[in-house]
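Below: the structure, in structure tokens.
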Amino acid sequence: MGVGTNTSKKRILILSVVEILIILLLDVILITRLSDGQDAGGIRGMAIVIMAITLVVVGIVAFLMIREGEEVNKESTVKSDKYKKLFLNLPIGFAQAEIVKPQGTNVSEYKIVDANERFCEYLGLEMGSYQDKLLSNCKQDVLQSVNAWFHAYDNSGTLEGDLMAVEITMENLDKVFNTVMYKSEANYINMVLIDITEQKETEMSLSKAKDDANVAYKTQAEFLANMSHEIRTPINGILGMLQLTLAEDDLQADYRDNLVTAKNCADTLLRLINDILDISKLEAGKYNLRYEVFDVKSAIEETVAAQVPLANNKDLTLDCSFSGNIPEMVKGDGERIKQVLNCLLSNAIKFTSEGGVRVKVATMDGEEPDKTTLRIAVVDSGIGISDADKSKLFIRFSQVDSSDTRKYGGSGLGLVITKQIVELMGGNISVQSKEDIGSTFIVEIPLKIVKASEQKTEEKKDSAVISISGHKRARILVAEDEPVNQQVIGKLLGMAGYSYDIAENGERAVELFKQKTYDAALFDVQMPIMDGLAATQQIRSIEEEKNLKRLPIIAVTARAMFGDKERILEAKLDDYIAKPYNLNDVVDTLNRYVGQDEQSEEK
């Protein structure tokens, strides 16, 4: 549109210049005649001729300019109609309002001069309801709302040509619109209207679905936490009593065998619970790795040695071989590596009835001098896996044989957890297998090689051996509501040489704290009347108020879901022991705190 207008202006300018040139030429001729001394009559006649010619030229130029102007207007009108048709046929709402100031007033009113069908359809309007009317005089609520929109834009200080976008909810229409308003001319406001009701409903549905999913996840997490507590509590009693009884020196051999079998069954049940908790942590992204310096060869040997009794019971061979390039010390999560190997060995022994299982360990050079990749291959001569069943191996709760007559038990979680832990450590796991021949599971995990100057030697402990020796002068405050666990912890503390008092809830524990002096405390977290966390808060307040020495309080709890340990330690407790606990761990933890106190007193 602008290009055509500029061309027309150039034409008019050229015609004007031509007109001026012709007039100047005729003037020059007239002046020349005068200078030649011609008579007045001849000059008068020539002047009349020149004037006539000038009038003709002016008339022609005026005619051409008028014609050119008409063409410009016609072209502008055609283009204007073209754009008007475009706006009126948009698939979204469009309306143009004229700003009107009635006589005798300085208040702006608004009148819709153009609107397309979609605009009327969106707002449920008919053309006659607003045509040639000031919106403020229209009775329909919708039009009053539209009038308010125009008024708000007109008084917003928005400059001509600037856009103002607003999301508007029309409750009386149950619709939501995106509106864009702008001034194309000084006295006109244009409005573009887009119905986003369905989009908003979809967003609300998705938001609700997300909220429902979060509620479901929270419910599941709470259920798992409660089930963990309810299951771990009795298992703690079972394992505690078994460990205390097995610690007796004069136990008959057949009785000891029976107790060892019972303990193994309880350990199996505990592993199943831990598997369920592990898969929950992995899915929630709350599974944390602990990178520490450890002896990789010793860690693998200990794990293999723990599986020897199971292999012997099935008359299977179990051996382990190392390549010559195994570094002495590495940095990584040694406990998780042992967990991975333990799972692979348990499966290999479970699915092998003849022959044996072999563990082959090697390392491969990493991309950097201080990096290496640990490669563990667990090879068995078991039943093997078909190509069709390999796809089931790393799917949770899935088993190769899921029939009612299946020979091998298990939850179907072990390999799923193993794969996710390996990948979390930056490694990978693969399997090679043939039916009736055997399987080979290969794990590759990146580790950092630790130099000799960075190595720290730690005293190794055998957790299977119960060696409980406490500080004879120390008194321990215990808060535990379960009678069986009260017996376990009481007998343990007595055997370790501690004196102790047991409270059945947090409230009673606070009362005992006020009456006696204690060297450390073991608090269950979940108890009736007052839990261990609330009791700890009260004790900390009393210590601060009376300027007392801080009592080391250790949480002993069956709550072992992700975040539980962090939440407990944030509540001003000093340490955390998860049930079921190893008796050595309880005594060692107590000795650490009580020992620190006694050493500080000696100094």
Side-chain angles (χ1 to χ4, degrees), residues 264 267-268 270-272 274-275 278-279 281-282 287 289-314 316-323 325-352 355-364 372-382 385 393-394 408 410-433 438-449 460 462-464:
N264 290 337
D267 288 336
T268 301
L270 180 60
R271 280 195 296 272
L272 175 60
N274 289 335
D275 283 348
D278 280 346
I279 200 71
K281 292 178 184 178
L282 288 164
Y287 198 90
L289 299 176
R290 294 182 63 183
Y291 291 96
E292 299 174 333
V293 176
F294 69 100
D295 185 336
V296 64
K297 189 173 181 180
S298 295
I300 292 173
E301 287 175 339
E302 289 172 9
T303 306
V304 173
Q307 296 287 342
V308 169
L310 292 177
N312 290 340
N313 289 339
K314 297 183 70 174
L316 301 175
T317 60
L318 175 59
D319 60 72
C320 179
S321 62
F322 295 87
S323 65
N325 61 344
I326 305 295
E328 182 180 355
M329 302 294 283
V330 295
K331 189 172 185 179
D333 195 328
E335 290 302 315
R336 299 308 173 198
I337 292 174
K338 291 166 69 175
Q339 181 180 349
V340 167
L341 179 56
N342 188 65
C343 174
L344 297 180
L345 284 173
S346 296
N347 281 349
I349 294 171
K350 182 199 304 184
F351 293 104
T352 302
V357 177
R358 186 170 188 181
V359 180
K360 300 178 181 179
V361 185
T363 55
M364 300 177 290
T372 187
T373 299
L374 177 66
R375 187 179 190 273
I376 304 175
V378 178
V379 186
D380 66 62
S381 57
I385 307 165
L393 289 176
F394 301 107
Y408 306 99
S411 63
L413 289 174
L415 285 177
V416 178
I417 296 169
T418 295
K419 182 175 186 293
Q420 293 191 38
I421 292 175
V422 169
E423 291 176 349
L424 196 62
M425 291 189 288
N428 61 78
I429 183 171
S430 60
V431 59
Q432 302 167 1
S433 185
S439 303
T440 300
F441 282 83
I442 301 172
V443 171
E444 295 178 350
I445 301 170
L447 297 170
K448 181 181 178 181
I449 300 173
K460 297 180 182 178
D462 185 358
S463 60

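These numbers come from a predicted model, not from an experiment.
Asp333 is not listed as a side-chain neighbour of Leu424, based on a closest heavy-atom distance of 4.5 Å or more. Within the 4.5 Å cutoff, side-chain heavy atoms of Met425 are placed close to those of Leu289. Considering only heavy atoms from C-beta on, Ser439 stays 4.5 Å or farther from Gln432 through its side chain. When side chains are defined from C-beta on, Val443 counts as touching Ile445, because their heavy atoms get closer than 4.5 Å. Proximity of Ile442 to Ile376: side-chain heavy atoms (C-beta onward) are nowhere separated by under 4.5 Å. Between Thr440 and Val378 the shortest side-chain heavy-atom distance does not fall below 4.5 Å. Side chains of Glu335 and Arg290 form no contact here, defined as non-hydrogen atoms less than 4.5 Å apart. Side-chain contact between Cys320 and Ile300 is present, with at least one heavy-atom pair separated by less than 4.5 Å.
Remark: Glu423 engages Lys419 in a side-chain contact (heavy atoms from CB on, under 4.5 Å) (not counting sequence neighbours). Shown here are the side-chain contact (heavy atoms from CB on, under 4.5 Å) partners of Thr317, two or more places apart in sequence or in another chain: there are none.
No donor-acceptor pair under 3.5 Å is formed between the side chain of Thr373 and the backbone N or O of Glu444.
The CZ atom of Phe441 sits 5.0 Å away from atom CG of Leu393, with the distance rounded to the nearest 0.5 Å. In this structure, OG1 on Thr418 lies 5.5 Å from CG on Leu344, to the nearest 0.5 angstrom. Distance check: Cys343 SG to Leu415 CG gives 5.0 Å after rounding to the nearest 0.5 Å. For the atom pair NZ of Lys314 and NZ of Lys350, the computed distance is 9.5 Å after rounding to the nearest 0.5 Å. To the nearest 0.5 Å, atom CD of residue Gln307 and atom CG of residue Asn342 are 4.5 Å apart.
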> Should Leu345 and Asn347 be marked as a side-chain contact (heavy atoms from CB on, under 4.5 Å) after you check the CA-CA gap, both sets of side-chain angles, and the distance that decides it?
Replying inline: CA-CA 5 Å; Leu345 284 173; Asn347 281 349; over 6 Å; no

>> As a quick check of understanding, evaluate side-chain contact (heavy atoms from CB on, under 4.5 Å) for Ile337 and Ile421, giving each step before the final call.
In response: CA-CA 9 Å; Ile337 292 174; Ile421 292 175; over 6 Å; no

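The heavy-atom pair separating Ile417 from Gln339 by the smallest distance is CG2-NE2, 4.0 Å. Scanning both residues, Ser381 and Gly355, for their nearest heavy atoms gives OG-CA, 3.5 Å. The minimum heavy-atom distance linking Val296 with Ile326 is given by the pair CG1-CG2, 3.8 Å. Between Ile349 and Leu316 the shortest heavy-atom distance is O-CD1, 4.0 Å.
Salt bridge status for Lys297 with Glu328: absent, with no side-chain N to carboxylate O gap under 4.0 Å. Salt-bridge annotation for Asp319 and Arg358: present, with a side-chain N of the basic residue lying under 4.0 Å from a carboxylate O of the acidic one.
Of the candidates Leu374, Leu447, Thr363, Pro327 forms a side-chain contact (heavy atoms from CB on, under 4.5 Å) with just one, namely Thr363.
With Phe294 as the aromatic partner, Lys331 does not meet the cation-pi criteria of under 6.0 angstrom to the ring centre and within 45 degrees of the ring axis.
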